[in-house]
2 protein chains.
Amino acid sequence: MTSKLIHTQGVTAPLGFRAAGIAAGIKASGKPDLALVLNEGPEYSAAGVFTSNQVKAAPVLWSQQVLKTGHLRAVILNSGGANACTGHGGFQDTHKTAEELAAALSNWGTETGAGEIAVCSTGLIGDRLPMDKLIPAITEIVQEMGGGISGGTDAAHAIMTTDTVPKESAFHSEDKWNVGGMAKGAGMLAPSLATMLVVLTTDAVATPEQLDAALRKATKYTFDRLDVDGSCSTNDTVLIMANGASGVAPSQADLDAAVFTVCDDLAAQLMADAEGVTKRVRVTVTGAVSEDEALTVARAVARDSLVKTALFGSDPNWGRVLAAVGIAPVTLDPNRIAVSFNGNPVCVDSVGAPGAREVDLSGEDIDVLIELHVGEGTAMVRTTDLSHAYVEENSAYSS
Amino acid sequence: MTSKLIHTQGVTAPLGFRAAGIAAGIKASGKPDLALVLNEGPEYSAAGVFTSNQVKAAPVLWSQQVLKTGHLRAVILNSGGANACTGHGGFQDTHKTAEELAAALSNWGTETGAGEIAVCSTGLIGDRLPMDKLIPAITEIVQEMGGGISGGTDAAHAIMTTDTVPKESAFHSEDKWNVGGMAKGAGMLAPSLATMLVVLTTDAVATPEQLDAALRKATKYTFDRLDVDGSCSTNDTVLIMANGASGVAPSQADLDAAVFTVCDDLAAQLMADAEGVTKRVRVTVTGAVSEDEALTVARAVARDSLVKTALFGSDPNWGRVLAAVGIAPVTLDPNRIAVSFNGNPVCVDSVGAPGAREVDLSGEDIDVLIELHVGEGTAMVRTTDLSHAYVEENSAYSS
């Protein structure tokens, strides 16, 4: 048997994980809004990556603290409310949620402490969570936990906000160990609820340090380079748990590759479900003095409203790309910049190429390649166009 | 007589300046697209401020060179083409334009050299200018130069791109000296042609150094703080010429004040004519550790697509403001941030204030005040909402 990637399986694809998703009544719509992922052991290694926003939601502050132990038994996630900018009371709500889950799991037969539980929330910033609905639902969801794949899919549904489809991915190694994952929409893609939540599971034998290394390497080139409007949520969280249930201890390289594969697949699914998006855009910069400067230029172009509106109009307006590049605080030779759209050169040595205005960008996918000719640094950022639907999606009244 | 500001007069309001505006045929529409402002002396002091974009249009490179002398006899401006990213040939076109004007002015009786002429262009990036139409028009526009106010208004019309009205302003000092100015639309406000061109004139007696100081002080707090999408054109240019025709030598303070008054008035006119804009927004940040950090935060909020789309929807979504503040690379106390909309507190100590979701933002003007409580630094940035019309305006095919 060879390794393979499956989209219909998620966090319960690896051995020794249970999950569930239910409607707790946090969402006015009555849709599923509470998810649980439980690690049944025998090991409980864990690692996490969190938002770089200085304004962090209560669940982020809580989970960062918990993750310091490198040890996690469960993650509970809610949609329908971000619990961000809710002050001390909001933090107490998160703490209370972890304590209630710990008690429920202990009653259920799995001795657990609140300090072994991570909490994730997504939704509108600034409102307290309806604890009167959340608390009883915690006991309910523990009862609901099925084994098998379906529990993972239910969980993936329960964390959806403006997502139109759940996002799951599972990597099965030919060496008989597995990595599974689920993600919810946004990232920067549905910015009205701009939080990206990702939970990864694996039955590989791995230390917290190994998981941390694999996770940081993977997120750096996947979720971190999905950039639609430069916004960074107060709640972004990516977690990974390992239980060693497969009995297999893969090399760091194999672990890195598997975690990257699942993250890259989930990132692509986030992009594919982007709301208000009519174009999927990849901005690749080459020939910068360093990878960091290549990334700075790629982000400057990916975030430029004029470039994004032009792409929405299928307009090969390469001049806007050069103007955006010129704003980036990096080393440039303003006379040597080259740009191509979908492989068609539109600008050479900072001057328009023949036929540049006639390049057809009417398709859904647009590749923008920018060559700076000042070094060897390269970076790619995924982004989208700026459409009427984006404005519509994000101008609707929040309540 | 006391000092006064008049909107119906521009660059020809001061003594000793002539101007004209004609249709040279550069614009396919046949609308006026060539403007000329002539300083008749006796002095020819001048200063300029140019785009910080590393990719600079040919006319910017030319005018920066010319301004090193601190001496200017005339400025010729065209709309209908930016002459940016046009390579060596584009620079030769600008040089040729200055030489042709110098010859025409000399024939007309004003001995002039190409090195005494600044050139400004605005329009689509990447196309060469139709020199076959521009050259004969240069002789024509010199003949057209009238004295009096009307010439200035014709010039203000000829530099319009997506502007719907010409922008003029004139300050008449009670001490019998004057400052006049004209501006064209964009700044960041009509980003499909994102160039801001401003020409100021004064009959005060002033050295190039005095003009430079006054101009930099004024632009720093006016045009530099008009920020709709963070874009910075390849062609942005602000020029000032002084001829001393009034015989009055104002103090630096008086000169600074007069130049600021005209720049501030023109900046307000640019904002008022912003296309695709339904809200005029002022983002004020107080309590930062420095003015620079206050400005960094104000720009981060003013450029945030989520904040701007929420304002378009008249949504008092203060959570997005806090999320945007949190992204800014500045000193913050994440628990002490306060936000108010039009004077209504919506967030105190980073937590929602009672009634925050009910604040009425349906009006055209929105004041966002952000108090960081970490220092004394303050800054204000003018911006706009992100509307359907903005997307429409900027997604239309460039040709």
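Proteins get letters first, then strands, A, B, ... in listed order; numbering begins at 1 in each. It should be emphasised that the depicted structure is a prediction, and the values quoted were computed from it without experimental measurement.
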Euclidean distance, [Y] [atom2] relative to [X] [atom1], rounded to 0.5 Å:
X        : Y        : atom1 : atom2 : result
A:Asn53  : B:Leu322 : CG    : CG    : 9.0 Å
A:Arg320 : B:Thr234 : CZ    : OG1   : 12.0 Å
B:Cys85  : A:Asp349 : SG    : CG    : 11.5 Å

Which heavy-atom pair separates A:Ala323 from B:Ile125 by the least distance, and what is that distance? CB-CD1, 4.2 Å
Chain A heavy atoms under 4.5 Å from B:Asp127: which part of the residue, side chain, backbone, both or neither? both
Structural part of B:Ile337 lying under 4.5 Å from a heavy atom of chain A: side chain
Counting distance only, does the side-chain N/O of B:Gln54 pair as donor-acceptor with the main-chain N or O of A:Ala328 below 3.5 Å? yes
